[in-house]
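In what follows, chains carry the letters A, B, and so on, assigned in the order in which the sequence lines appear, proteins first and then strands, with residues in each chain numbered from 1.
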2 protein chains.
Amino acid sequence: MLYAGFMSTAPPPLPRPEDAVGQSELELLQLDTGPVVDEPCLRADAARNRARLLEAAERLVAEHGAAGVTMEAVAAAACVGKGTVFRRFGDRTGLLAALLDHSERKFQAALLSGPPPLGPGAPPVERLRAFGCAMLRRSIDELDLQLAAEPSADRRHTFAPRRFLRGHLALLLRQAVPEGDSELLSHTLMAYLDVALLHHLTEQCGMPAERLREGWLDLVARVTRTEPPAA
Amino acid sequence: MLYAGFMSTAPPPLPRPEDAVGQSELELLQLDTGPVVDEPCLRADAARNRARLLEAAERLVAEHGAAGVTMEAVAAAACVGKGTVFRRFGDRTGLLAALLDHSERKFQAALLSGPPPLGPGAPPVERLRAFGCAMLRRSIDELDLQLAAEPSADRRHTFAPRRFLRGHLALLLRQAVPEGDSELLSHTLMAYLDVALLHHLTEQCGMPAERLREGWLDLVARVTRTEPPAA
DNA sequence: AAGAAAACTGGACCGCGGTCCGTTTGGGAT
DNA sequence: ATCCCAAACGGACCGCGGTCCAGTTTTCTT
């Protein structure tokens, strides 16, 4: 089984929404190549409708914000039946995730094969620092969409992109903190970068991004028991 | 204004759901006395209905789990109109929170005036350790209810009980880590105790509670830059 | 005791996420 | 060109959370 499914029940004739930004199970090996690559020959009409839907969704986001993206509205705007939207994207968060797919893919690529310190080549602690700063930047950029794309509480942690990022953190932590429980620590670090938390701190508390950045560097220093970089 | 409201719009004649497990704004001063104390004279029929509703909800939880607690079902089981449920509890999470209110209140009392190390009297680092262990125990006990009672992503961090607990952590951290950003660090520590995360780790990953406990002790040690207690 | 204001009630109503299933269509096989 | 069926379609349908408001009940005032 190549994909981790997003849906609770996946009846055979519904092979699974292809575009649910699935990740290969290889993600833990850092060989994840992303979802679309293996999207195996979508039927012509299906591909057409998929494009229509994404375009319509994008327009709706631009016009009414992420909250305005109702499944019905997207379907109507794309001149497509509601069932089609669900068949293609599984559920609302799947659709939103597909909208964020491009950015996600770029980010993953930067981690796996981009220039250091984000990509390989730099010492792990430095990569940890860079990771957080990049995540902060990206999340704050796309706050509303990211927030709306957050899956329900019980699926949040099995959500493929998140699993990938957390796995990456765990990898770096294994190198930087060999004596620690890198699984648990990776969850802790991920939580600092949680979209809902960022939203709360920036929008509701008015906290400046710079403070969040410093907080991250400090947290990494404490967790790895190193000294923070010179300010 | 004594209470932090839970609802987006609170028309004057709807004074606000009293039982939304509201917390006084004094919470940051550690003087929070909880919601029911000041519940100012509920009308006789309203009190009767409130009791009926809570009892019905409790029964439904016992019978069908937290997922079975639909607002309509509770209303029907209590022989009460749907509108009444919403007037009283604001929304679904308000109702669930009311169910957890007793436990919550007990926990807060233990923090404010219970015996050390959970209550005052022990050194801050020890209190931090005890706090996490107690939270872990409680959250794992009531996992399904706590999970269902989790508010939507954009309200999670303004949710009163959580604010109180986080404030408490921040207080301890200010003492234990005077040079750090105790606000941000408190968010980090709270995140480790997040119900959804705990659910994922215990139920979905099968992680034993003991490991979570050790993870907490280790995290506290790193964050406070102290040595973990002897195992 | 009576009347008026305030608080409460309940169920009709709405919108949205998600499912179902009868119908249509694309595209490989013959 | 024809046939065939898996794949895709689409919209009726469902359940639930949440709102609204006309009508009822309680409590306060005099």
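The shortest side-chain heavy-atom distance between B/Leu198 and B/Tyr192 does not fall under the 4.5 Å cut-off. Using a 4.5 Å cut-off on side-chain heavy atoms (C-beta onward), A/Leu185 and A/Leu169 make no contact. Using a 4.5 Å heavy-atom cutoff, the side chains of B/Phe164 and B/Leu112 are in contact. Annotation: side chain of A/Phe107 is in contact with side chain of A/Met135 (closest heavy-atom distance under 4.5 Å). Looking only at side-chain heavy atoms (C-beta outward), B/Leu165 and B/Leu111 come within less than 4.5 Å of each other. Looking at heavy atoms from C-beta onward, B/Phe89 lies in side-chain contact with B/Leu53 at the 4.5 angstrom threshold. No side-chain heavy atom of B/Thr70 sits under 4.5 Å from any side-chain heavy atom of B/Val74.
Minimum interatomic distance between B/Ala153 and A/Ala196 (heavy atoms only, all atoms of both residues): O-CB, 3.8 Å.
Overall, the helix from C/dA1-D/dT30 to C/dT30-D/dA1 carries an axis bend of 10° between its ends, with five pairs at each end and the value rounded to 10°.
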Check: protein-nucleotides 1-4 of chain D nitrogen or oxygen pairs below 3.5 Å:
none

Write down the protein N/O and nucleotide N/O pairs, taken from nucleotides 28-30 of chain D, whose separation is under 3.5 Å; answer none if there are no such pairs.
none

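The side chain of B/Arg92 lies closest to D/dG18 when the candidates are D/dC9, C/dT9, D/dG18. Of the candidate nucleotides D/dG17, D/dA8, C/dT9, D/dA8 has the atom nearest to the side chain of A/Ala46. Comparing atom distances between the A/Lys82 side chain and each of D/dC13, D/dG18, C/dG10 picks out D/dC13 as nearest.
A salt bridge links B/Arg138 with B/Glu104: at least one charged nitrogen is closer than 4.0 Å to a carboxylate oxygen. Note on A/Asp91 versus A/Arg155: salt bridge recorded, some NZ/NE/NH1/NH2 to OD/OE distance being below 4.0 Å. Contact check on B/Glu55 versus B/Arg52 returns no salt bridge, with no Lys/Arg side-chain nitrogen under 4.0 Å from an Asp/Glu carboxylate oxygen. Here A/Arg211 does not pair with B/Glu183 in a salt bridge; the nearest charged N to carboxylate O distance is not below 4.0 Å.
Summary of the strand contacts: B/Gly83 and A/Val80 both lie near DNA chain D, and taking for each the nucleotide with the nearest heavy atom, the more 5' one is attributed to A/Val80.
One finds no side-chain N or O of B/Thr84 lying less than 4.0 angstrom from the OP1 or OP2 phosphate oxygen of C/dC8.
In summary, the side chains of B/His200 and B/Gln204 do present a donor paired with an acceptor at a separation below 3.5 Å, with no hydrogens or angles considered.
A straight line from CG of B/Asn49 to P of C/dA7 spans 17 Å, rounded to a whole angstrom. Straight-line distance from the CZ atom of A/Phe86 to the P atom of D/dG11: 15 Å, rounded to whole Å. Rounded to an integer number of Å, the gap from CG of A/Leu95 to P of C/dG17 is 10 Å. Between the CZ atom of B/Arg52 and the P atom of C/dC8 there is a distance of 16 Å, rounded to whole Å. The interatomic distance linking B/Asp91 (CG) with C/dC16 (P) rounds to 19 Å, in whole Å. The CZ atom of A/Arg87 sits 12 Å away from the C1' atom of C/dC21 (whole-angstrom rounding). Between A/Phe89 atom CZ and C/dG18 atom P the separation is 14 Å, expressed in whole Å.
Of the possible polar contacts, one joining the A/Arg92 side chain to the A/Val69 backbone as a donor-acceptor pair under 3.5 Å is found. Side-chain atoms of A/Arg127 come within 3.5 Å of backbone N or O of A/Gly119 as a donor-acceptor pair.
Contacts between residues 66-73 of chain B and DNA chain D, defined by a heavy-atom separation below 4.0 Å, involve B/Thr70, B/Met71, listed by number.
Judged as a side chain to side chain donor-acceptor pair (under 3.5 Å), the pairs with a partner in residues 139-154 of chain B (not counting sequence neighbours) are, in order, B/Ser103-B/Glu142, B/Glu142-B/Gln146, B/Ser152-B/Asp154.
Using bins of under 30°, 30° to 60° and over 60° for the plane-to-plane angle, the ring pair A/Trp216/A/Phe131 lands in the tilted bin.
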Base versus backbone protein contacts along nucleotides 24-30 of chain C [heavy-atom cut-off under 4.0 Å; B, S, -]:
-BSS---
